[in-house]
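The shown structure was predicted, so the numbers you read here are calculated from the model rather than taken from an experiment.
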Amino acid sequence: MASVETNSKPRARRGFAAMNPERRREIARKGGASVPGEKRSFAKDRDLAASAGRKGGEASRGGGRRGNDLES
């Protein structure tokens with residue numbers, strides 16, 4: 001069995017963890033802004049978004065609320 005070294009140095013912070021909070025907020029604020037309004041179909045059509053969500057849930061075979069034949 002391999003021994004675990006307990007005196008190892010802490011891992012360096014990388015990516016978002018290494019950024020200051022203002023920089024993280026600035027990046028988060030831009031989320032989706034590069035997509036033009038006419039291409040944001042889910043924002044305009046709630047039924048289309050719901051349908052896509054259902055399809056994704058079925059395709060992922062995750063533990064959904066219904067359609068799970070393995071439980072008794």
Side-chain angles (χ1 to χ4, degrees):
M1 182 181 264
S3 64
V4 178
E5 191 174 323
T6 58
N7 294 341
S8 64
K9 65 180 182 178
R11 298 174 91 179
R13 292 173 54 182
R14 298 168 32 171
F16 278 101
M19 291 181 193
N20 66 11
E22 292 84 26
R23 178 71 175 136
R24 279 184 281 188
R25 275 197 281 296
E26 179 185 332
I27 292 171
R29 230 181 271 123
K30 294 179 181 180
S34 64
V35 180
E38 63 272 4
K39 297 220 177 189
R40 295 185 201 176
S41 58
F42 288 162
K44 295 178 182 177
D45 189 350
R46 187 178 180 112
D47 292 332
L48 179 63
S51 172
R54 274 191 294 279
K55 286 181 185 177
E58 291 169 1
S60 72
R61 298 178 189 247
R65 293 183 181 180
R66 55 191 158 101
N68 196 351
D69 295 333
L70 298 176
E71 291 183 18
S72 347

**Q** What residues, two or more places apart in sequence or in another chain, satisfy side chain to side chain contact (heavy atoms under 4.5 Å, CB included) together with R13?
**A** A17, A18
**Q** Who pairs with D47 by side chain to side chain contact (heavy atoms under 4.5 Å, CB included), at least two apart in sequence or on another chain?
**A** D45
**Q** Can you sort out the partners of R24 under salt bridge (charged side-chain N to carboxylate O under 4.0 Å, His left out), two or more places apart, ordered by chain and number?
**A** none
**Q** Is E26 paired with R23 through a side-chain N to carboxylate O contact shorter than 4.0 Å?
**A** yes
**Q** Out of curiosity, R25 CZ to E22 CD, how far, rounded to the nearest 0.5 Å?
**A** 5.5 Å
